[in-house]
A.B. asks: 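Sharing a structure, written as structure tokens. Questions coming.
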Amino acid sequence: MALPAPPRMAATLPSSAVAPALLLRRHTGSSLSSRGRRRWQLPAARRREGPGAPLGMRGARGLPPAAPDRCSGARGATPAAAAAAAGEAPYRGSEAQGSLWMVLLATSVVVCGSLEFGTCVGYSAPAQAGIVGDIGLSNSEYGFFASVLAIGAMIGALTSGRLADVLGRKMTMRFAAVVGIFGWLTVYFAKDAMMLYAGRVLLGYCTGVLSYVVPVFISEIAPKDIRGGLATSNQLFICLGCSAAYIIGALLSWRSLVVVGLVPCVVLLVGLFFIPESPRWLANIGREKEFHASLQKFRGKDYDISEEATEIKGYIESNHRLPKARIQDLFQRENIYAVTVGVSLMIFQQLGGINALGFYTSYIFSSAGFSGKLGITLIGIIQIPITLVGALLMDRSGRRALLLVSSSGTFLGCFLTGLSFYFKAQGLYSQLVPTLALCGILVYYAAYSVGMGPVPWVIMSEIFSINMKAIAGGLVTLVSWIGSFAISYSFNFLMGWNPAGTFFLFSAASLVTVLFVAKLVPETKGRTLEEIQASLQAST
């Protein structure tokens, strides 16, 4: 399956064009000294490998040359660059950030793709009774309808990286939105099982592409200090889409519910006309003028982009000197660690059972003796605020801490749910069984929404180098959807085998996730994408 700015970004400093000179000197001196203090608080390995490291040490690892000194003057005709050339302090805003309105606008537009993802995943749970009654599907046929979304998503995942690199991030999202519209219309006019399957495959392709390109686009446009929080909006809107499908689906027929899925596709198509393309993608294909224009729009017209632009271009040029990326390069020494982390997180995300619970929530509640509609509505209510909390904590607590807390919570939630089914099978505490199942599933969804839902996608968008991002990101997305299909399709059989055992298996997978995160997952908060690559190269 409108974020408030983090507290550190709440205050906006005045532009250098209008602020008094004394205020500018005081701000510049204090921000430089605080950055200096933070730099020397870093581990020694990061100080050596950071963007300001000595050239000889950076070159030894094939990294781009260090960015020019701030005081040497800036290229370009921006007001901040002119101020720097005249000896004045360039405007860099709070924590070196300029205007954020374009970043927030662009994020608000592209997360409509995440909203679409959520409605596609959430559609099958409230629509089950209506489709089975109207079309006459058996339980196994409906199980295939629910899980066939993942088959389309696998195809989308295989093509997503290549499409995003060739067509660009924006055009790829446009294409996915058009496919999604055709998918929903096919479901709406379906008269038999085959039309339902065809529409569901198209929707799967749409979500497979969007699940890769949306977090990648956000990570490429966001400033490092708020990148984690903005990237988490991807999961926030997936949850919002699921919640909308759950809650509205309890009130509308399955055909009318199609409209809920069509709206995000239309908004995404229109909104993409009003935002710039990813500056890192433009730099990667050599469109120099558009790269600078896009980066300037995302950082604000008075922001000095020269240092960031130099760092991005230097890193990309160093990657262009490498041979063209191939699939076998994923297993080379410099890439295998990132691939292991990205793929493993997606595997653990699926082994925790999220899509089994997502597709069959109503069935699980009914099996435990609780109202399916009421349970779905409660999940829809808690998912959004919990995911919002995760977004706010992403750049404060860090990725690892959220993953550890989240996987511990999913372990507890699945264990409680499994215990409820065990009590039911044994005829014990019959009055407690529905409450225990409800508490277990709500704990599971709350824990998943704060960490295991958003963080693997955030890390996936951060840890791969620009030249490997298409291949590695496509592989990670493909693995996620293969796991989704395997778990969701086998869930009915597992529940027939042993309901309690099914959830105990999910809880065991969550326990292994805790150990994996503690041992292998790197912390990426507060670093630029280029700094993350330097750190990963140093650790291999």
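These numbers come from a predicted model, not from an experiment. Counting from 1, the numbers follow the sequence of the chain as shown.
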A.B. asks: Test side chain to side chain contact (heavy atoms under 4.5 Å, CB included) on Leu115 and Ile238 and set out the steps.
C.D. replies: CA-CA 5 Å; Leu115 191 66; Ile238 291 174; over 6 Å; no
A.B. asks: Of the non-hydrogen atoms in Pro456 and Gly451, which two are nearest, and what is the gap between them?
C.D. replies: CD-O, 3.6 Å
A.B. asks: May I ask you to test the Tyr205-Phe182 pair for a side-chain heavy-atom distance under 4.5 Å?
C.D. replies: no
A.B. asks: So how far is it from Ser484 OG to Met346 CE, rounded to the nearest 0.5 Å?
C.D. replies: 11.5 Å
A.B. asks: How long is the straight-line distance from CZ of Phe237 back to SG of Cys242, given to the nearest 0.5 Å?
C.D. replies: 13.5 Å
A.B. asks: For Trp481 and Ser211: C-alpha separation, side-chain torsions, deciding distance, then whether side chain to side chain donor-acceptor pair (under 3.5 Å) applies.
C.D. replies: CA-CA 10 Å; Trp481 285 107; Ser211 63; 3.3 Å; yes
A.B. asks: Would you call Thr186 and Leu202 a side-chain contact if the rule is heavy atoms closer than 4.5 Å?
C.D. replies: yes
A.B. asks: For residues Phe485 and Gln350, determine if any side-chain heavy atom of one lies less than 4.5 Å from a side-chain heavy atom of the other.
C.D. replies: no
A.B. asks: Fit a plane to each ring of Tyr123 and Phe145, take the angle between them on a 0 to 90° scale, and name the class: parallel (under 30°), tilted (30 to 60°) or perpendicular (over 60°).
C.D. replies: perpendicular
A.B. asks: Answer yes or no: is there a side-chain heavy-atom contact under 4.5 Å between Leu210 and Glu116?
C.D. replies: yes
A.B. asks: To the nearest 0.5 Å, what is the distance between OG (Ser449) and CD1 (Ile354)?
C.D. replies: 7.0 Å
A.B. asks: Only one of Glu288, Gln296, Lys289 clears side-chain hydrogen bond (donor to acceptor under 3.5 Å, both in side chains) with His292; which?
C.D. replies: Glu288
A.B. asks: Would you say Ile221 and Thr107 make side-chain contact, with heavy atoms under 4.5 Å?
C.D. replies: yes
A.B. asks: What closest approach, in Å, do Ala146 and Arg200 show between heavy atoms, and which atom pair accounts for it?
C.D. replies: O-NH2, 3.5 Å
A.B. asks: Identify the two heavy atoms, one from Ile532 and one from Ile463, that lie closest to each other, and give their separation to 0.1 Å.
C.D. replies: CG2-CA, 4.3 Å
A.B. asks: Tell me if a side-chain donor or acceptor on Gln128 pairs with a main-chain N or O of Tyr142 at a distance below 3.5 Å.
C.D. replies: no
A.B. asks: Within the 4.5 Å heavy-atom criterion, are Val214 and Met173 side-chain neighbours or not?
C.D. replies: yes
A.B. asks: Counting only heavy atoms from other residues, nucleotides and ligands, does the tally under 6.0 Å from CZ of Phe516 exceed 12?
C.D. replies: yes
A.B. asks: Minimum heavy-atom separation for Ile135 to Ala193, with atom names?
C.D. replies: CG2-N, 4.0 Å
A.B. asks: I want to check something: taking the side chain as every heavy atom from C-beta on, are Asn234 and Pro454 in contact at a cut-off of under 4.5 Å?
C.D. replies: no
A.B. asks: Considering non-hydrogen atoms only, spot the tightest contact between Pro126 and Leu257 and give its length.
C.D. replies: CG-CD2, 4.0 Å
A.B. asks: Mind jotting down which residue pairs meet the side-chain hydrogen bond (donor to acceptor under 3.5 Å, both in side chains) criterion with at least one end in residues 265-285? Sequence neighbours excluded, please.
C.D. replies: Glu220-Ser278, Arg280-Glu530, Asn284-His320
A.B. asks: Side chain to side chain contact (heavy atoms under 4.5 Å, CB included) between Ser480 and Met460: does it pass, once the steps are laid out?
C.D. replies: CA-CA 11 Å; Ser480 175; Met460 181 274 292; over 6 Å; no
A.B. asks: Look only at the side chain of Tyr448 and the backbone of Gly352, and say whether a donor-acceptor pair between them is shorter than 3.5 Å.
C.D. replies: no
A.B. asks: Would you call Phe348 and Ser407 a side-chain contact if the rule is heavy atoms closer than 4.5 Å?
C.D. replies: no
A.B. asks: Step by step, would you call Glu462 with Arg227 a salt bridge (Lys or Arg N to Asp or Glu O under 4.0 Å)?
C.D. replies: CA-CA 10 Å; Glu462 294 175 328; Arg227 187 180 62 243; 2.9 Å; yes
